[in-house]
Number of protein chains: 2
Amino acid sequence: MRLEGALADRDAWTADRCSLDRAVQAVGSRSALLLMREAFYGTRRFDDFARRVGITEAVTASRLRELVAAGLLERHPYREPGRRTRQEYVLTERGRDLLPVALAFMRWGDRHLSGPEGPPVRLTHHGCGAPVQVHVCCDAGHELAVDEVAAAPGGRDRPEDGDDGDGRGADTGGNGGAGGDGGGERPAR
Amino acid sequence: MRLEGALADRDAWTADRCSLDRAVQAVGSRSALLLMREAFYGTRRFDDFARRVGITEAVTASRLRELVAAGLLERHPYREPGRRTRQEYVLTERGRDLLPVALAFMRWGDRHLSGPEGPPVRLTHHGCGAPVQVHVCCDAGHELAVDEVAAAPGGRDRPEDGDDGDGRGADTGGNGGAGGDGGGERPAR
DNA sequence: TGCCTGGCTATGGATTCTCATAGCCAGAAG
DNA sequence: CTTCTGGCTATGAGAATCCATAGCCAGGCA
């Protein structure tokens, strides 16, 4: 990784606003990540989360509350005939945006931590059947190795960067427009 | 996400060998991830790690030892003139493979957690200057949304990603030059 | 009315992670 | 030899996370 501009001297700046740090603090616990995995698998109900993840109901309640507070999940009331009203937990746009994180972890584990039996779950593209990967690439389509990534000081939006710098709520839902850039948004399908 | 084959009934199987879980247990702590971030930034020495990450030397020593044991970093002795021999910590192939995880977290934080000031660090492709993204896509080049990912039972075989546990060094995602590109591996747009 | 059940909460204790502080060791300096 | 310094380790306290075990509450059911 190459440090550019004001970042060039690594001792001249601190990473106190680091997005990686913030993200890890927000959703980096094991149980939170496993709950998100289940949400990606389609789970919506409290006790399904607890049972499928294999954590206690107390932890489930606590993490689910945090994930809702952080905006990754939303509570929606539902009611089955003859049953009382319950809450289900559904992914928000922000929660869905965490997919690359979950899959990147999963793929790394597949590659480096699965024993001779191989990985337990295989991911493919439902449309074409090809294996799923998580890539680091630039908007021009090049895949990058570590030493091809350049880090420069950030700041408010620059036209180039394809996404809303804002954060909070600004859903990328359907393509927030954002950057003129002409790339980096939703794929064709 | 679509569950296929034996996975279709989510209550008929348990995720006890889950790669995501294993990966998180192995390198999911905040300090470990931040140390890896510093390693990606180019840091190699003990006290630089401690100071730049902002954790105590005790934690630094402990995590660094774990990361070496897990094969993400390697200790190499070095010696400056007039100084005694020291150890430096350098990324292994397995450690470099964690880049998508770190950057996926970072990008998510950039997008959803950075305040009005915007993200503190901007990542670009050193070669072409375009912003860096982390994509979930299939080998055919399609970028995938959550509901396009299919999960099927895994197992050994599958030459492509069946890479074993001890595997260091293998592969690196066939791309090597990557660059050739012109449309090959990139997300379809 | 009273009991039962599914969904969620509360409490206590064991682990794990982190910080703060102090200590150890191999050379360099004197 | 003694002292100093950079690199690393050890120890104990506090916080976060997790498990196990109750407990509560709304509504269905008898």
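Naming: A, B, ... by sequence-line order, numbering from 1 per chain. Any value given below was found using the heavy atoms of this structure, including those in side chains, with hydrogens, waters and symmetry copies removed. Remember, it's a predicted structure, so these values are computed and weren't measured experimentally.
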Novice: Tell me which residues in residues 15-39 of chain B put a heavy atom below 4.0 Å from DNA chain C, sorted by number, or none.
Specialist: B:R30, B:S31

Novice: The criterion is salt bridge (charged side-chain N to carboxylate O under 4.0 Å, His left out); which residues satisfy it with A:R75, sequence neighbours excluded?
Specialist: none

Novice: Looking at residues at least two apart in the chain, or sitting in another chain, which of them share a side-chain hydrogen bond (donor to acceptor under 3.5 Å, both in side chains) with B:T43?
Specialist: B:E38, B:R52

Novice: What is the per-nucleotide protein-contact pattern of nucleotides 3-16 of chain C, from the 5' end, where B denotes a base atom under 4.0 Å from a protein heavy atom, S denotes such proximity for sugar-phosphate atoms only, and - denotes neither?
Specialist: ---BSBBB------

Novice: Strictly by ring-ring contact (aromatic ring centres under 6.0 Å, His included), give each pair with a member in residues 49-72 of chain A just once, sequence neighbours left out.
Specialist: none

Novice: Name every donor-acceptor pair, under 3.5 Å, that has one atom in a side chain of residues 2-9 of chain B and the other anywhere in the protein, sequence neighbours excluded.
Specialist:
residue, atom, partner, partner atom, Å
B:R2, NE, B:D147, O, 2.8
B:D9, OD1, B:D11, N, 3.1

Novice: Could B:R107 and B:D110 be called an ion pair, given the rule that one side-chain N must be under 4.0 Å from one carboxylate O?
Specialist: yes

Novice: Please enumerate all residues that pass side chain to side chain contact (heavy atoms under 4.5 Å, CB included) together with A:T56, with sequence neighbours excluded.
Specialist: A:A58, A:V59

Novice: Would you mind listing every ring-ring contact (aromatic ring centres under 6.0 Å, His included) that reaches into residues 15-36 of chain A, with sequence neighbours excluded?
Specialist: none

Novice: For the helix from C:dT1-D:dA30 to C:dG30-D:dC1, measure the angle between the helix axis at one end and the axis at the other, each built from five pairs, rounding to 10°.
Specialist: 10°

Novice: What pairs meet the ring-ring contact (aromatic ring centres under 6.0 Å, His included) rule with one or both residues in residues 3-48 of chain A, with sequence neighbours excluded?
Specialist: A:W13-B:Y41, A:Y41-B:W13

Novice: Can you list, pair by pair, the side-chain donor-acceptor contacts under 3.5 Å of residues 62-72 of chain A, counting residues two or more places apart and other chains?
Specialist:
residue, atom, partner, partner atom, Å
A:R63, NE, A:S31, OG, 2.9
A:R63, NH1, A:E66, OE2, 2.9

Novice: Going by the rule ring pair (Phe, Tyr, Trp, His ring centres under 6.0 Å), which residues pair with A:H126 if we only count those two or more places apart in sequence or in a different chain?
Specialist: none

